[in-house]
Amino acid sequence: MTENAYTRRDDDSSSSGDGDGRGVGRMTGTVLVTSGTGKTGRRVVERLTALGVPVRSGSRTGEVPFDWQDDTGWEAALRGAEAAYVAYYPDLAVPGAAEAMAAFGRTAAECGVRRVVLLSGRGEPQAVVAEEALRGAAKAVEVTVVRSAFFAQNFSEGALLDGVIGGELVFPAGTTAEPFLDLDDLADVVVAALTGDGHAGAVYELTGPRSLTFGQAAEELGRATGRPVRYVPVTGPAYASLLEEFGVAEAEAAFLAELFATLLDGHNAATTDDVKTVLGREPKDFSGFAREAARDGAWHG
């Protein structure tokens, strides 16, 4: 799931694992991190900085201006960078995303960027179209795609945060299981692909180590917080209406409801070994995420 309006909050951290011999630290040139203040971007910035890699944190209002809706600043952000982490806003599945990826790929190639790591959504057919648009336009640039399962941090930093605090998670997932991915694992994989060798052309599908239904996730969150958390399943249209009540535009609410219906129909329920393949260790379990988030005060409310 990419950095859409649901999974992102714009206003942590360990270095990447040793992996399987693909290497960390072989590339030390400047890295542009798009959406650098988002949930994934800021973690990538922190890890690169800890490794001593020069970083440009791109955002709409930051020191390195970068706006996905305004390509006039892309060249300045990319010029002189050796690599880039691409987290497209609002989502690779939205209309226009493929065109934006093609434009970014062309600009990156023209600016001499050598490597791009793209955050994509697992099991999103339209996101694959955007992935291919980037690959086709980037020409000789090394492109690695990281397809993510549903972020565990959606419960602690995203739109489900208030539901956990209030004790009621309203969401259109039914009884479908999802292998929630901890963003620390995602960031470690991204940094390994940005700085190490052997990842060019790879497509990694990242998941946690086990799949849980949203009802099971709510139970684990309840244990971690020390107070009851209940999952309330709703239909997609009902969820879209609820989002509109909270101020989400009608078109965006409809898109999100449709996206979740696509993602949570069971085809993404299986886990993968790709985190271990890249990092040489198992991904973090959801219960570990919940305990750490509770310890760090995510749900003090």
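As the structure is a prediction and not an experimental result, all values here were calculated from the model.
Of all heavy-atom pairs between L194 and A84, the closest is CD2-O, 3.6 Å. The nearest pair of heavy atoms linking G80 to T30 is O-CB, 4.2 Å. Across every non-hydrogen atom of V33 and G41, the tightest pair is CG1-O, 3.7 Å. Between Y204 and H199, the shortest heavy-atom distance links the atoms OH-ND1, 2.8 Å. Considering all non-hydrogen atoms of both residues, K284 and D185 come closest at N-OD2, 2.6 Å. Of all the heavy atoms in Q153 and L183, the pair that sits closest is OE1-N, 2.9 Å.
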TODO: Would you please test L169 and L221 for side-chain contact (heavy atoms from CB on, under 4.5 Å) and show each step?
DONE: CA-CA 10 Å; L169 288 173; L221 292 166; 4.1 Å; yes

- [ ] Could you walk me through whether S156 and V164 pass side-chain contact (heavy atoms from CB on, under 4.5 Å), step by step?
- [x] CA-CA 8 Å; S156 60; V164 178; over 6 Å; no

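Between the side chains of S120 and E131, a donor-acceptor pair is found at a separation under 3.5 Å. When only modelled atom types and interatomic distance are considered, T34 and Y88 share no side-chain donor-acceptor pair under 3.5 Å. Under 3.5 Å, the side chains of D274 and T272 contain no donor-acceptor pair of N or O atoms.
Of the possible polar contacts, one joining the R56 side chain to the A77 backbone as a donor-acceptor pair under 3.5 Å is found. A distance-only check finds a donor-acceptor pair linking the side chain of R47 to the backbone of R43 [under 3.5 Å]. Under a 3.5 Å cut-off, the side chain of E142 and the backbone N or O of A200 do not form any donor-acceptor pair.
Ring to ring, Y231 and F171 are not that close: their centroids are 6.0 angstrom or more apart. Checked against a 6.0 Å centroid threshold, the rings of F214 and F180 count as neighbours. Ring pair F155/F286: centre-to-centre distance below 6.0 Å.
Between atom CG of residue D67 and atom OG1 of residue T72 there is a gap of 8.5 Å, rounded to the nearest 0.5 Å. Distance check, rounded to the nearest 0.5 Å: CG of L206 to CZ of F151 gives 10.0 Å. Taken to the nearest 0.5 Å, the CZ atom of F150 stands 7.0 Å off from the CG atom of L264. Interatomic distance, D91 CG to F255 CZ, rounded to the nearest 0.5 Å: 4.0 Å.
In terms of hydrophobic clustering, with Ile, Leu, Val, Met, Phe, Trp and Tyr side chains grouped at heavy-atom distances under 4.5 Å, V128 and L118 are assigned to different clusters. At a threshold of 4.5 Å between side-chain heavy atoms, the hydrophobic network of Ile, Leu, Val, Met, Phe, Trp and Tyr places V146 and V129 in two separate groups.
Counting heavy atoms of neighbouring residues, nucleotides and ligands inside a 6.0 Å radius, atom CD of E258 does not exceed 12 of them.
Ring-plane geometry between F104 and W68 is classed as tilted, the angle between the planes lying from 30 to 60 degrees on a 0 to 90 degree scale.
For the pair E178 and R122, the salt-bridge criterion is not met [side-chain N within less than 4.0 Å of a carboxylate O].
Using a 4.5 Å heavy-atom threshold, the side chains of V191 and L48 count as touching.
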